[in-house]
Colleague: 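Sending over a structure as structure tokens; questions will come in a sec.
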Amino acid sequence: MTQDFYPFKEIDKKWQDRWEKQGLFTMDPDSLKKKYYCLMMFPYPSSALHVGHGRNYIIGDVVARYKIMRKFNVLAPMGWDAFGLPAENAAIKSGIHPKISTLSNIKTMKRQLRSWGVGYDWERELTSCLPDYYKWTQWIFLQLYKKGLAYKKKASVNWCPSCQTVLANEQVINGECERCSAQVEARNLEQWFLKITDYAQRLLDDLQILKDWPERVKTMQENWIGRSEGVEINFKVADSDINLTCFTTRVDTIFGATYMVLAAEHPLVEDLIKGSGKEAEIKKFITEVKKDSAIDRAASDIDKKGIFTCRFVVNPVNNRKIPLWIANYVVMEYGTGAVMAVPAHDQRDFEFARKYKLPIEVVIDNPREPLDAKDMKEAYIENGVMVNSGQFNSLSNTDAMQKIACYMEKEGIGKRKAHYKLRDWLISRQRYWGAPIPIVYCDRCGMQPVDEGDLPVLLPEKVKFSAKGGSSSGGKPCTESPLKHIKSFINAKCPKCNNKAKREIDTMDTFVDSSWYFLRYLSPKDDKRPFDKALVNKWLPVDQYIGGVEHAILHLMYSRFIIKVLHDMGHVNFNEPFARLFTQGMIVKDGAKMSKSKGNTVSPDALIAKYGSDTVRFYTLFIGPPEKDAEWNDRGAEGAWRFLNRVWRLVAEGSRLKAEGSDRSEDATRSLKRKTHFTIKKVTEDIEGEFHFNTALSAIMELVNEIYSYMGLYPSVFSLQLKEAIETTVILLAPFVPHIAEEMWVRLGNKTSIFEIEWPGYKEDALAQDRVTMAVQINGKVRTKIEVDSAASEDEIKKTVFENETVNKWTNGNPPRKCIIVKGRLVNLVV
RNA sequence: GCCGAAGUGGCGGAACUGGCAUACGCGCCGGUCUCAAAAACCGGUGGUCGCAAGGCCGUGUGGGUUCGACUCCCACCUUCGGCACCA
């Protein structure tokens, strides 16, 4: 006989076709069932998927299928985050138009998703680079513009010389472009921003609502928003009308401020140094700092340097005149760009003061060991007792912090304020493959938004991608948007006066596209509105969002922001887009993230051809807890293959025995029933809980092992309990390995799809045991085991223990000093 | 420096609320079947001492709490992720 492997080739295809035909994943808008919106982050259409990508979709598919079996009305849509640089860069190299390569990639990925057996409601597919979608991305922009939340300003921005575009702060990692790792430069450019900073506090506060988000993601957003509380203090510049405002979180140290520092970029610097006599020297210094800062501020430990402005400011609490400096360690982007320096209690100020021989004055003393400014090796930043601080002396500094703030507010010297690290979101890109920003510039009326009725502003298709030669030659990206040279695009009419005007040539960051796509899935073909308000209010927030942790800050915060804006404008009635978030870990190979450039990707295609879709799914889910990174090992996939065949043979055997079903009651049968119900409980809890599919699958494997032992004990007996065990195995496997489960279900004599039946519940009384094994410890070490009635009283247990030979050997028959009994688990004797 | 996660066999990993450490799988070893191999099935598999019964050690390190600690507390080491002259 030839070895019977299960015929995955036919089975996979058969059921994939069937699900599509039956519309298993088609959401029914009229259903009365409870809704469940299960969303996976839509992918960027790169050339092909590897098994690491698969993890995301397979996890989502398990959840969707489980919820279908739980009789929810499930919405599981899919789309394509299809604008972006890689396609354009490919076009520069190969000459293939981004639209063509993107749409062709989408085709490949769709085939791959299907081959994993991952199901979606494809009727709702959306593609962000097509006009029927980006029309509404432009609409979103116009809403923000209307509210004053989209604005253009000249600012020092991050410029990637290799990608030839500006980047958002969130896209700069250690001073490098997150995409190409080129060193980012600072450039002063006029750019479009979205005013996410207006929402900083709400984005921070509402993290608390997000109970079902991973703590680490919330922490990352918290850090990124970077709120700190302090006081803004006004310092008057001596012999001048100029006031300088500085921000401090340590107002308790104000009496120890011995100088003040401005950032080189501070707008008042020029006025202040006028007539100082050292103007040229100071200007030279400023130019130097600005040049350095672009490159080195990302690298942490650059030398502190500064220059005296020849000016003094007055400390408002004691009217003392202190020198005003400019230094490279103060940045304009945070706070007010002006800092009161307290060298005794701030390490940076301390280093600077030592270098430039500026005075150091202790105002918070160490209660254990009094400080002496002359001997200090570093700043004292701990808590302590106020000294040299006028009426606040001898208070604890934490008390003083409150009292000084109150005093300042009363006297009008300062004001309590919170500052944030979060910067506005820079959304313009000087590249072609993105949604055009719907703005025109009219000589007469100035900057004007395009009328909503005139959307979309179409992205022209015929363009030159590279700087030299025609569209097909390889080369470097143009130094300006390719759109600049397309007359038919550039020339527009002013929406206000109908005269000639020029279009904005920047396109939008792709993160704008992805910040609202989950709304569009509810009415993807609607050409009248971006989304259907009623439907969206019914279906959102998303019940379960699944994606990579790399989006913890970017995409997830931008989406939260956009939803809050839409909420405030009355377009939606919910405040947060994603109720529950799951971030899966990466799959690594040879210790490194899978990537084409490292050549360590594993393609699912070959594996699926060899073992079928379910084997790849099983191994991907079994590899480890899905929120953690995991190492891929082809051998492990073989184990999954072996197991599925093992179940396949079990079902074949089961259906052969079927006719003789009888109710039996010997120990092994009762134990099988217990195991069956225990497994239902375990698998259900693992799915409902933290998605620990690895342990759910181990539990099913244990059940299968027990079924095999049982069949070894009673060959050719088909008890009702065995029938139940086999059927349960198949049902529990269905969300994980749907093709083989469907097929086995049919072969067990069932007529309907396994996804039409209801997920089983377990019977509490089936879990009960008559006899239990208890470990017996002597002084905390397990020495033997006893078996007792599960209802046995403590006295009965003790009796059994003291009759035990091994116990007597260890106790020499002496009574124990103490005897701890944990029912059903163990006995510990202390002797 | 700050914030967060983690450290368990040869490997991926499991362990409820403080209660039998290493479930499940991979690998390896032995056996059954076979002319043989593959597949499958059965059994073994933390280290160490011992012929054996059995003993001792063992969840990053060092302490502590407890009848009992992978789990709780204190101090530290290492790895990974995020933030960072942020005032």
Side-chain angles (χ1 to χ4, degrees), chain A residues 2-5 173-174 214-224 226-228 230 246-250 253 261 263 293 296-304 327-331 333-342 346-349 351-352 381 419-421 549-550 552-553 618-619 622-625 627-640 642-643 645-646 649 682 685 692 694-702 704-705 708 712 773-785 806 809 816-831:
Chain A
T2 55
Q3 179 58 49
D4 276 337
F5 294 128
I173 314 291
N174 293 329
E215 217 45 56
R216 65 172 165 164
V217 172
K218 289 195 274 186
T219 310
M220 279 162 75
Q221 292 207 358
E222 217 176 291
N223 283 344
W224 189 258
R227 180 192 155 100
S228 50
C246 81
F247 174 69
T248 181
T249 54
R250 290 294 305 271
T253 64
V261 199
S293 64
D296 289 335
R297 271 189 184 160
S300 52
D301 280 335
I302 58 166
D303 272 344
K304 288 180 179 48
N328 64 342
Y329 75 97
V330 172
V331 295
E333 289 80 52
Y334 185 76
T336 60
V339 173
M340 65 173 212
V342 186
D346 180 284
Q347 188 56 25
R348 291 155 304 182
D349 298 341
E351 286 164 24
F352 191 82
I381 54 174
H419 274 268
Y420 303 87
K421 289 193 231 173
V549 75
E550 66 274 18
I553 296 171
F618 189 102
Y619 177 58
F622 187 65
I623 193 166
E627 74 278 9
K628 287 197 189 141
D629 290 353
E631 170 84 28
W632 183 271
N633 175 359
D634 282 349
R635 278 256 170 81
E638 281 173 41
R642 218 173 281 165
F643 172 73
N645 277 295
R646 195 166 146 79
R649 288 192 304 271
K682 170 79 179 153
E685 285 171 356
H692 282 175
N694 55 327
T695 49
L697 291 173
S698 320
I700 299 175
M701 288 167 116
E702 284 185 59
V704 168
N705 289 345
Y708 265 105
T773 308
M774 292 175 76
V776 181
Q777 297 183 329
I778 315 282
N779 292 333
K781 285 194 175 177
V782 180
R783 295 300 178 187
T784 186
K785 288 180 184 179
T806 318
K809 203 178 90 191
R817 274 201 294 146
K818 210 168 175 183
C819 175
I820 291 114
I821 296 175
V822 184
K823 280 248 175 93
R825 289 193 193 276
L826 57 67
V827 180
N828 189 14
L829 302 179
V830 188
V831 295

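We name chains A, B, ... by the order of the sequence lines, and we start the count at 1 in each one.
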Colleague: OP1 or OP2 of C41(B) versus the side-chain N and O atoms of Arg646(A): is any pair under 4.0 Å?
Modeller: yes
Colleague: Looking at every heavy atom in both Lys421(A) and Trp224(A), which two are closest together, and how far apart are they?
Modeller: CB-O, 3.8 Å
Colleague: Return the pairing partner of G4(B) with a 3.5 Å limit on both distances, Watson-Crick or G-U wobble; otherwise return none.
Modeller: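 Matched G4(B) with C80(B) under the 3.5 Å cut-off.
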Colleague: Provide, to the nearest angstrom, the distance between the OH atom belonging to Tyr334(A) and the P atom belonging to C2(B).
Modeller: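 In whole Å, C2(B) P and Tyr334(A) OH are 18 Å from each other.
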Colleague: Just N and O in the side chain of Arg783(A): are any of them under 4.0 Å from OP1 or OP2 of G54(B)?
Modeller: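 The answer is no; no side-chain N or O of Arg783(A) sits under 4.0 Å from OP1 or OP2.
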Colleague: Taking for each residue the nucleotide of RNA chain B bearing the nearest heavy atom, is the 5' side occupied by Thr219(A) or by Ala699(A)?
Modeller: Thr219(A)
Colleague: Let me know the distance between CG of Leu826(A) and P of G19(B), rounded to the nearest Å.
Modeller: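 Leu826(A) atom CG is separated from G19(B) atom P by 9 Å.
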Colleague: Where is the tightest heavy-atom contact between Arg216(A) and Glu627(A), given as atom of each residue plus distance?
Modeller: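 So the two residues come closest at NH2-O, 3.5 Å.
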Colleague: Given A87(B), G27(B), C67(B), which nucleotide is nearest the side-chain atoms of Thr249(A)?
Modeller: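 Between A87(B), G27(B), C67(B), the one nearest the side chain of Thr249(A) would be A87(B).
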Colleague: In whole angstrom, give me the gap between the P atoms of A14(B) and U48(B).
Modeller: 26 Å
Colleague: Rounding to a whole Å, what distance do you find between Arg825(A):CZ and A21(B):C1'?
Modeller: 14 Å
Colleague: Asn223(A) CG to G4(B) P: how many Å, rounded?
Modeller: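 Spelled out: CG on Asn223(A) to P on G4(B) is 9 Å.
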Colleague: Find the distance Lys781(A):NZ to C57(B):P and express it as a whole number of Å.
Modeller: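 The distance from NZ of Lys781(A) to P of C57(B) comes to 4 Å, rounded to the nearest Å.
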Colleague: For G30(B), give the paired nucleotide (Watson-Crick: N1-N3 plus N6-O4 or O6-N4; G-U: N1-O2 and O6-N3; both under 3.5 Å), or none.
Modeller: C42(B)
Colleague: Indicate, yes or no, whether a donor-acceptor pair under 3.5 Å links the base of C20(B) to the side chain of Lys785(A).
Modeller: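 In this structure, the two groups form a donor-acceptor pair.
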Colleague: What orientation do Phe643(A) and Phe618(A) show, parallel under 30°, tilted 30 to 60°, or perpendicular over 60°?
Modeller: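 Ring orientation, 0 to 90° scale: tilted.
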Colleague: So does Arg649(A) reach the base of C41(B) with its side chain, donor to acceptor, closer than 3.5 Å?
Modeller: no
Colleague: Are the side chains of Leu829(A) and Cys819(A) in contact, using a 4.5 Å heavy-atom criterion?
Modeller: yes
Colleague: Any side-chain heavy atom of His419(A) sitting closer than 4.5 Å to one from Thr249(A)?
Modeller: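 No, every pair of side-chain atoms sits at 4.5 Å or beyond.
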Colleague: Using atom P in both nucleotides, what's the gap between U71(B) and U59(B) to the nearest angstrom?
Modeller: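 One P to the other, the span is 9 Å.
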Colleague: Minimum heavy-atom separation for Gly824(A) and Met774(A), please, with both atom names.
Modeller: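 That would be N-CE, 3.9 Å.
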Colleague: With rounding to whole Å, what would you report as the distance between G19(B) and G54(B) at their P atoms?
Modeller: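 G19(B) and G54(B) have their P atoms separated by 27 Å.
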Colleague: Could you work out the separation of C70(B) and U32(B) based on their P atoms and round it to a whole Å?
Modeller: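 Taking atom P in both C70(B) and U32(B), they lie 41 Å apart.
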Colleague: Taking 4.0 Å as the cut-off, does a side-chain nitrogen or oxygen of Arg635(A) come that near to OP1 or OP2 on C11(B)?
Modeller: no
Colleague: Taking the side chain as every heavy atom from C-beta outward, state whether Thr806(A) and Lys785(A) have any atom pair closer than 4.5 Å.
Modeller: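 Contact flag for Thr806(A)/Lys785(A) side chains = no.
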Colleague: Select one nucleotide: of A23(B), C83(B), G25(B), the one nearest the side-chain heavy atoms of Trp224(A).
Modeller: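 My answer, after comparing the listed nucleotides, is C83(B).
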Colleague: For G9(B), does the O4'-C1'-N9-C4 (purine) or O4'-C1'-N1-C2 (pyrimidine) torsion place it in syn, i.e. within 90° of 0, or in anti?
Modeller: syn
Colleague: Counting only side-chain nitrogens and oxygens, does Lys818(A) get under 4.0 Å of the OP1 or OP2 atom of C67(B)?
Modeller: yes
Colleague: What does Thr336(A) touch in the nucleic acid at a heavy-atom separation under 4.0 angstrom: a base, only the sugar-phosphate, or nothing?
Modeller: nothing
Colleague: Identify the nucleotide, in any strand shown, that forms a Watson-Crick or G-U wobble pair with U17(B), with both distances under 3.5 Å; if there is none, say none.
Modeller: none
Colleague: What integer distance in Å separates Asn828(A):CG from G18(B):P?
Modeller: 18 Å
Colleague: NA contact type, Asp349(A), heavy-atom cut-off 4.0 Å: base, sugar-phosphate, or nothing?
Modeller: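 The residue Asp349(A) makes no contact with any strand.
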Colleague: Reckon Ile820(A) touches a base, only the sugar-phosphate, or nothing at all at heavy-atom distances under 4.0 Å?
Modeller: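 Here Ile820(A) touches the bases of the nucleic acid.
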Colleague: To the side chain of Pro625(A), which of G12(B), A87(B), G13(B) is closest?
Modeller: G13(B)
Colleague: What nucleotide, of G82(B), A15(B), C20(B), holds the atom closest to the side chain of Ile553(A)?
Modeller: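 Within the option list, the nearest is G82(B).
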Colleague: For A23(B), which nucleotide is its Watson-Crick or G-U wobble mate, given both distances must be under 3.5 Å?
Modeller: none
Colleague: What integer number of Å spans the C1' atoms of G64(B) and G18(B)?
Modeller: 15 Å
Colleague: Return the 5'-most residue of the pair Gly780(A), Leu697(A) with respect to RNA chain B, ranking by each residue's nearest nucleotide.
Modeller: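 Nearest-nucleotide comparison on RNA chain B picks Leu697(A).
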Colleague: Which nucleotide, A15(B), C20(B), G55(B), lies nearest any side-chain atom of Lys682(A)?
Modeller: A15(B)
Colleague: Return the value, rounded to whole Å, for the distance between atom NZ of Lys304(A) and atom P of A87(B).
Modeller: 14 Å
Colleague: Describe the nucleic acid contact of Asn779(A) in one word from base, sugar-phosphate, nothing, applying a heavy-atom distance below 4.0 Å.
Modeller: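 Nothing: the residue Asn779(A), judged by heavy atoms under 4.0 Å, touches no strand.
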Colleague: At under 4.0 Å, does any side-chain N or O of Asn328(A) touch on OP1 or OP2 of C85(B)?
Modeller: no
Colleague: Hydrogens and angles aside, do Asn779(A) and Arg817(A) bring a side-chain donor and acceptor to less than 3.5 Å of each other?
Modeller: no
Colleague: With both distances kept under 3.5 Å, what pairs with A87(B), Watson-Crick or G-U wobble?
Modeller: none
Colleague: Scan Val822(A) against the nucleic acid and name what it touches under 4.0 Å (heavy atoms): base, sugar-phosphate only, or nothing.
Modeller: base
Colleague: Arg227(A) side chain N/O closer than 4.0 Å to the phosphate oxygens (OP1, OP2) of C86(B)?
Modeller: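 No, Arg227(A) has no side-chain N/O under 4.0 Å of OP1/OP2 on C86(B).
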Colleague: Applying the Watson-Crick and G-U wobble criteria at under 3.5 Å, what pairs with C51(B)? Answer none if nothing qualifies.
Modeller: none
Colleague: Verify whether one side chain among Asp349(A) and Tyr329(A) offers a donor that lies under 3.5 Å from an acceptor in the other.
Modeller: yes
Colleague: If we take the P atom in both A87(B) and U79(B), what is their distance in whole Å?
Modeller: 28 Å
Colleague: Using the C1' atoms only, state how far A40(B) lies from C33(B), rounded to an integer number of Å.
Modeller: 9 Å
Colleague: Is there a side-chain contact between Arg250(A) and Asp346(A), using heavy atoms and a 4.5 Å cut-off?
Modeller: no
Colleague: For G62(B), give the paired nucleotide (Watson-Crick: N1-N3 plus N6-O4 or O6-N4; G-U: N1-O2 and O6-N3; both under 3.5 Å), or none.
Modeller: C74(B)
Colleague: Can you tell which of C85(B), G27(B), C20(B) lies closest to the side chain of Ala775(A)?
Modeller: C20(B)
Colleague: Rounded to whole Å, please give me the gap between CZ in Arg216(A) and P in C2(B).
Modeller: 22 Å
Colleague: Both distances below 3.5 Å, Watson-Crick or wobble geometry, any strand: find the nucleotide opposite G9(B).
Modeller: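 The base-pairing partner of G9(B), which may sit in any strand shown, does not exist here.
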Colleague: Taking atom P in both A6(B) and A15(B), what distance in whole Å separates the two?
Modeller: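 After rounding to an integer number of Å, I get 13 Å for this pair.
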Colleague: From C85(B), C20(B), C57(B), pick the nucleotide closest to the side chain of Gln777(A)?
Modeller: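 Minimum distance to the Gln777(A) side chain belongs to C20(B).
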Colleague: Give Gly639(A) one of three labels, base, sugar-phosphate or nothing, depending on what nucleic acid heavy atoms sit under 4.0 Å from its own.
Modeller: sugar-phosphate
